[in-house]
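Okay, structure first, notes after.
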Amino acid sequence: MSEPAIRIEHAVKQYGAVTAVNDVSFDVGTGETLGLLGPNGAGKSTLIRMLTTLVPITSGRIVLHGDDVTLNPDRARLSIGVIPQAMTSDTDLSIEENLSIYAKLYGVSREQRRKVIPELLELVNLADRRTSLVGTLSGGMRRRVEIARGLVHSPLILVLDEPTTGLDPVSRVDVWEMLTRIKRERQLTILVTTHYMDEADRLCDRIAIVDKGRLVALDTPRALKSSVPGASSIEAQFGDEPADWEPQLRALAGTLTVQALGGDSWRIVTDDAGTTTMALAELALGAKVAIRSLAVTSTSLDDVFVYYTGHGLKDSLAAAAA
Amino acid sequence: MKRALPIVERELRKFIRTPALLVMVLIMPVLNLVVLGNAFGGRVRHLNVAIVDEDGGPAARRVREAMLSLQMNGDVVRSITYDNERDAARDVRDGVVQGAVILPPGFSRRVYTGEQPRAGLLLDNTDAVVAGTLQGVLNGAVQQAARSAPTTRYIRAVGLDPVELFPFVPYMRYMLPGVISLGMFMTVMIGGGMSYLDDKQRGVHEGYLVTPITKFELVLGQNLAGTIKATISGIMVTVLGALVAGVYDIFQPMRFLALILLVIFVSFAFMSMMSCLVARMNNPMLPRALFGILNTLLYFPSGAIYPTQSLPTWLRWITYVDPFTYAVHGLRVLLLKGAAVRVVLPDVFFLALFAAVMFAGSVKLFRRTL
Ligand SMILES: Nc1ncnc2c1ncn2[C@@H]1O[C@H](COP(=O)(O)OP(=O)(O)OP(=O)(O)O)[C@@H](O)[C@H]1O
Ligand SMILES: [Mg+2]
């Protein structure tokens, strides 16, 4: 196979005593979308900054389509479009002006600009707003302006740091649909960080989970989910369960673990949800225990995340918000 | 090199879109000119002066008439008759009157005989401006009264007759060059220093740094943009200020051209200094605090509002390296003296050298990484 779009080899970033990125290695194939997941402070942004030549690499190397970011930064810069975490387009300039200034910074010729900018505006669905000041746009529209801005020099790789953080749900869907479309139409290689599992699940070909600067898992969403013991979990609430209820639950066919959630609620992790649910229903009927509620959920990326990092993403989100 | 241009384009487009900044940058200096120019430069008036006539002779009467005429003409002094020197002295001390003229017994006789007539003047010297003004006008009144004696055996003291080379310069005009410089400095401070750090804070620099722009191009672009902004505001303040201060002859083509050129050099010197100062800063609050410090450190010792000749030696060292000094000197020469352009060449030379050093410094200090 030809060389990958992104090759990261033993990348390390040291900030004084803090090792923000600790010996991370992986490849991203051409045309692939890779999601970078990890709790706050995991080193996602640092990795992206090394990749986009914003911070020097302490050791190891990163190669983009054959160009080493340390040895050949200007060529590497031309092959990546970067959409930073903060919205940095100028609110008092129009969409077109914002794009045009960035195109010039990348040295895109006038003829090329005339062709590319209308195409991009079409792509992100903002053609009719091209003369609007960016300050008058909604959050989702603004993010789309930034995505278009990242594409003005027709890069091969698109790097996005938390493109949907801070957007309302409608705008989020908007942005991800846009990305799906761009990916389909342009065969771009995309590297994206996010805090939203559902999005990562839907859009990414593969997902890398980083924690405390280390790469702890890297695979397709499907493979990651099946790597977590227990394919599904059953959450049930009972009425008047007997004292020895827990061992009885453990004995159910297919059961892996049983966890008391309090308030008569229990969580049963199983590798065969169908069988276990049937067995549970029979057990409850026989023991004359009422089932007040019953929910079966298949493993989500959230479970994967908890499994690999030892804490929930929602916890770290809450910590970040505080 | 060519990647500096989009930086300039962005800055200028933003500058034009925010007229509030331009208005602020214009209003502040002009306000300065009008308020300070009138506050400091205006003549002191309505001064109460006690007059104690212990002589009662004709010469004394003429002094009192002269003082009355000062009251009629422009209401500079108002004379209040006192019976004795003691009361007058007390009221000067208490601030009831600003000064007292004492005409001692025998004043008129001495005027006639030419025996060095003397009149006393009590002044409240805690207020130098009022005391100085009173001394000037009252001295005139007394001299006049003495001189117009019918038989002039009075020998006039040796007088120093000043010859003024330039038309009378009211204080407002004296301030004009400083105010123009201040306007440019403010533009650079806000449109160069603060906006640079705000951009850095917002992550706009991150956006620049992921493109193939070089460090030199980035700094050059920022300096060019700041210089253009300061030049625009400099020219506007020059025109507006000249109109307010009544300097109408700046519009002669050669003079105006020379002014514009000087303004460009001053703008570049200020901008490169600013860019050097903020190159390594990250906190957008810093330049706001810096403004006060720089203002005191650079504006006041420059001769903008008070002659540099009055400064102690250690302060004059600041004066020598302060770009404000050369800006103010150059502008003053062109605005008030209408002198030949060659007179400002040393100023331009210093400003160019200063700008070159500062520019090189800011390229050196600027970091291409976060
Ligand atoms: N400039 C810096 N100086 C010192 N330490 C830094 C610097 N930048 C990042 N770090 C540290 O490196 C670690 C990784 O930070 P990074 O911003 O890469 O995390 P992240 O995964 O992007 O987190 P988030 O989800 O909050 O964006 C953190 O411990 C952070 O404190
Ligand atoms: Mg981050």
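Chain identifiers are assigned alphabetically (A, B, ...) following the order of the sequence lines, protein sequences preceding nucleic acid strands; residue numbering begins at 1 within each chain.
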Legend entry - Segment of A:Arg75 engaging chain B (4.5 angstrom heavy-atom cut-off): neither
Legend entry - Side-chain ion pair, A:Arg214 and A:Asp23, N-O less than 4.0 Å: no
Inset, instruction - Would you tell me whether A:Glu162 and A:Thr165 have side-chain atoms, one donor and one acceptor, within less than 3.5 Å of each other? - result: yes
Legend entry - For chain B, the option from A:Thr91, A:Val82, A:Val159 that forms the most heavy-atom pairs under 4.5 Å: A:Val82
Legend entry - Segment of A:Ile83 engaging chain B (4.5 angstrom heavy-atom cut-off): neither
Legend entry - Donor on one side chain, acceptor on other, A:Thr88 and B:Arg202, under 3.5 Å: no
Inset, instruction - Answer with side chain, backbone, both or neither: which region of B:Arg3 has an atom nearer than 4.5 Å to a non-hydrogen atom of chain A? - result: both
Legend entry - chain B contacts, top residue of A:Gln85, A:Glu97, A:Met87 (heavy-atom pairs, under 4.5 Å): A:Glu97
Inset, instruction - Could you have a look at A:Asp92, A:Ile101, A:Leu54 and say which one has the most heavy-atom pairs with chain B under 4.5 angstrom? - result: A:Leu54
Inset, instruction - Taking all heavy atoms of A:Thr58 and all of A:Lys13, pick out the closest pair and write down the distance. - result: OG1-CA, 3.3 Å
Legend entry - Side-chain donor-acceptor contact under 3.5 Å, A:Gln14 with A:Thr19: yes
